Amino acid sequence: MEASNGHEIPKVASIKTLADSASFTVELRRACEEWGFFQVTNHGVPKSLMQSMIDTCQRFFDLPEEGKKEFQTRNLLDPIKCGTSFNVDIEKVHLWRDYLKVITHPEFNSLYKPAGYSEVSLEFSKRTREVATEILKGISESLGLEADYIAKAMNWDRGLQILAANYYPACPEPDKAIGLPPHTDHGLVTLLIQNEMGGLEVKHKDQWVLVNAAPGAFVVNIGDQMQILTNDKYKSIWHRAVVNNKATRISIAVPHGPSLDTPALPIPELLEREGQAPKYIGMTYEKFMELQASPAGLKKPCLDHLRVKHN
Ligand SMILES: O=C(O)CCC(=O)C(=O)O
Ligand SMILES: [Fe+2]
């Protein structure tokens with residue numbers, strides 16, 4: 001795997017002062033246009049809650065295999081799933097990662113073990129969703145739309161939120177493995193936290209760049225549904241996770257999307273203003289997620305399946 005240098009992705013601070021901060025919108029617009037990845041600080045979610053969430057996920061992954069078996073299902077939208085992507089038989093580069101995915105909105109789901117998981121994940125997913133809602137408002141405004149435009153159009157009140165924990169143990173030969181292969185996220189915005197080990201890399205100007213996030217910040221990225229809504233103005237950025245030979249890395253990605261029955265389409269007001277034709281056809285979020293997980297979605301990027309062909 002080629003080397004990459006640590007890099008500061010843009011910092012968009014003071015989300016709490018959103019209402020009185022025009023600079024928030026300006027910073028957000030720049031971050032979305034230039035990077036598609038940024039970190040949000042001063043978001044009001046206590047560092048201790050973030051740490052508890054990471055600790056409780058660590059305790060889940062530490063459970064004996066037997067204790068995790070009941071959550072090992074294969075269906076895409078099962079409320080709780082865990083598994084490992086390590087399949088030596090078919091993979092040329094090994095995936096060095098276990099995961100736990102729990103749907104936390106519109107219905108909150110939880111695990112009864114390890115002890116404390118339920119309480120911590122309820123508070124964490126609620127607080128993280130509040131930050132995501134503020135970011136969505138800021139993004140709407142950065143596009144010159146009413147603050148609640150995207151939330152309304154995407155039925156955000158019934159929108160999907162998934163708590164996706166990734167567990168990457170130290171790997172004796174990190175060059176021969178990958179934590180998570182390059183992908184884009186399917187939703188509107190993903191918020192991510194991690195323990196002290198870095199490993200998230202984003203594709204920026206054709207280079208893999210290692211993300212250095214400030215302690216306590218949320219790393220935020222634009223997802224595919226947002227790229228569709230903005231007709232490619234805000235792009236869903238390719239990213240991957242690399243592993244290391246020093247210590248376990250845990251990341252918790254929290255993708256937020258529309259409601260499952262909502263199709264995203266380029267926003268008419270933006271098309272009109274920019275004099276553009278829509279670049280995408282509509283597809284419900286549920287169908288989009290199914291496509292991404294299907295062989296067709298693996299063969300070529302999901303957004304390419306929805307792209308309008310102009311002759
Ligand atoms: O572990 C990471 O930093 C990346 C996780 C990620 O991209 C995902 O879960 O979608
Ligand atoms: Fe991702």
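Note: hydrogens, waters and symmetry copies are ignored here, and every other heavy atom, side chains too, is used. Because the structure is predicted, anything quoted here is derived from the model rather than measured. Order of listing sets the numbers, starting from 1, for every ligand and every atom in it.
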Short side-chain donor-acceptor distance under 3.5 Å, [Y] and [X]:
X	Y	value
Y280	D232	yes
N245	E173	no
S251	Y167	no

Anything under 30° is parallel, anything over 60° is perpendicular, the rest tilted; go ahead and classify F60 against F71.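 Aromatic pair F60/F71 classed tilted.
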Please report the number of protein N, O or S atoms that lie less than 2.8 Å from the Fe ion (ligand 2).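 Count of protein N, O, S atoms less than 2.8 Å from the Fe ion (ligand 2): 3.
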Which pairs of donor and acceptor atoms, one on a side chain in residues 258-266, lie under 3.5 Å apart (sequence neighbours left out)?
from: S259; atom 1: OG; to: D261; atom 2: OD1; distance (Å): 2.5
from: S259; atom 1: OG; to: T262; atom 2: OG1; distance (Å): 2.6
from: D261; atom 1: OD1; to: R158; atom 2: NH1; distance (Å): 3.3
from: D261; atom 1: OD2; to: R158; atom 2: NH1; distance (Å): 3.4
from: T262; atom 1: OG1; to: N155; atom 2: ND2; distance (Å): 2.8

Could you pull out the N/O contacts under 3.5 angstrom between ligand 1 and the surrounding protein atoms?
from: ligand 1; atom 1: 1 (O); to: Y168; atom 2: OH; distance (Å): 2.6
from: ligand 1; atom 1: 1 (O); to: R249; atom 2: NH1; distance (Å): 3.1
from: ligand 1; atom 1: 1 (O); to: S251; atom 2: OG; distance (Å): 2.7
from: ligand 1; atom 1: 3 (O); to: R249; atom 2: NH1; distance (Å): 3.3
from: ligand 1; atom 1: 3 (O); to: R249; atom 2: NH2; distance (Å): 2.7
from: ligand 1; atom 1: 7 (O); to: H183; atom 2: NE2; distance (Å): 3.1
from: ligand 1; atom 1: 7 (O); to: H239; atom 2: NE2; distance (Å): 3.0
from: ligand 1; atom 1: 9 (O); to: N166; atom 2: ND2; distance (Å): 3.2
from: ligand 1; atom 1: 10 (O); to: H183; atom 2: NE2; distance (Å): 3.1
from: ligand 1; atom 1: 10 (O); to: D185; atom 2: OD1; distance (Å): 3.4

Using a strict threshold of under 4.0 Å (side-chain N to carboxylate O), is an ion pair present between D62 and R59?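 Not counted as a salt bridge, because no side-chain N and carboxylate O are separated by less than 4.0 Å.
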Please, which pairs that meet ring pair (Phe, Tyr, Trp, His ring centres under 6.0 Å) have at least one residue in residues 121-160, sequence neighbours excluded?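 Applying ring pair (Phe, Tyr, Trp, His ring centres under 6.0 Å) to every pair that reaches into residues 121-160, excluding sequence neighbours, yields W156-H256.
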Quick one: does any side-chain atom of N221 pair with a main-chain N or O of D185 as donor and acceptor, under 3.5 Å?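 No: the side chain of N221 does not pair with the backbone of D185.
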So, the side chain of K81 versus the backbone of Q72: is there a donor-acceptor pair under 3.5 Å, distance only?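 No.
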